[in-house]
Amino acid sequence: GSTGAVHDEL
Amino acid sequence: MNIFRLAGDMMHLFSIIVLLLKINATRSCRGVSLKTQELYAIVFVCRYLDLFTSFISLYNTTMKLIFLLSTFTIIYWMRFHKVIRVTYDREQDTFRYQFLILPCFLLALVLNNEFSAMEVLWTFSIYLEAVAILPQLVLLQRTNNIDNLTGNYVFLLGSYRALYILNWIYRFMTEPNYRQYLVWISGIVQTIVYIDFFYYYIRSWRNNEKLSLPA
């Protein structure tokens, strides 16, 4: 399924 | 946000400010690789698509917008500014960056955490950033008189990468379940790319000589 990762680094 | 991450981001920010100031003050982009700037533009556009989908913090959004805007400003100057574009080392800046873009994209299609458009493009940006400085380093090698600001620009960029490694170590030790192998490996590769430059930069600084890279 979709993890929908949030990437918090630039 | 830890001190290494903040320091890394600030180095990244300073590097871009140094480049903007240099080009704007001297009305010259001599020694600056348009190819590297265009690669960064691709990196930022692909990575920051999440500006439209998720809000992380005001800091995060602001930095993303600054990186995008500043990179496009530099590209605009180098391509279209009537005084600056004349100073671009077109004949020296010949790195064929399609040979970086295509493999990075194929790798992102194969090696990613989730096969979705957003995630593949994000992964592509991670791989591409690792090698985006190469045209700039090649151009520096071909430039006899590297001016201080161009040298400082590359040094600040390399420092940003090195600080991000410390940030990852810190986060790994302090945050449960924090791991991102693709980012770490790409980031280590990216930092290794700078090692040679660092060596000559520090040597020229200690010996009080002008920076030059052996071909």
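Here the structure is a predicted model, which is why all the values come from computation and not from measurement. All heavy atoms count here, side chains included; hydrogens, waters and symmetry mates do not. Per chain, numbering begins at 1; letters A, B, ... match sequence-line order.
- Distance check: A/His7 NE2 to B/Glu119 CD gives 3.5 Å after rounding to the nearest 0.5 Å.
- Taking a 6.0 Å sphere around OH of B/Tyr170, one finds it holds 12 or fewer heavy atoms contributed by other residues, nucleotides or ligands.
- Heavy atoms closer than 4.5 Å to chain A are found in the side chain of B/Gln180, but not in its backbone.
- The environment of OH in B/Tyr200 is crowded: more than 12 heavy-atom neighbours from other residues, nucleotides or ligands sit within 6.0 Å.
- Judged by distance alone, the side chain of B/Asp50 and the main-chain N or O of A/Val6 form no donor-acceptor pair under 3.5 Å.
- Only the side chain of B/Tyr59 comes within contact range of chain A, with at least one heavy atom under 4.5 Å from a heavy atom of that chain.
- Heavy-atom distances place the side chain of B/Asp9, and not its backbone, under 4.5 Å from chain A.
- Crowding of B/Ile3 atom CD1: a count of heavy atoms from other residues, nucleotides or ligands under 6.0 Å not exceeding 12.
- Atom-to-atom distance recorded for B/Arg5:CZ and A/Leu10:CG is 4.5 Å, nearest 0.5 angstrom.
- Counted within 6.0 Å of OH on B/Tyr76, heavy atoms from surrounding residues, nucleotides or ligands total 12 or fewer; the atom is thus considered open.
- Applying the 6.0 Å contact sphere to CZ of B/Phe172 captures no more than 12 heavy atoms from other residues, nucleotides or ligands.
- With a threshold of 4.5 angstrom between heavy atoms, B/Phe115 does not approach chain A through any atom at all.
- For B/Phe67, the part lying near chain A is the side chain, with the backbone staying farther off; criterion is any non-hydrogen pair under 4.5 Å.
- Within a 6.0 Å sphere centred on CZ of B/Phe198, other residues, nucleotides and ligands contribute more than 12 heavy atoms.
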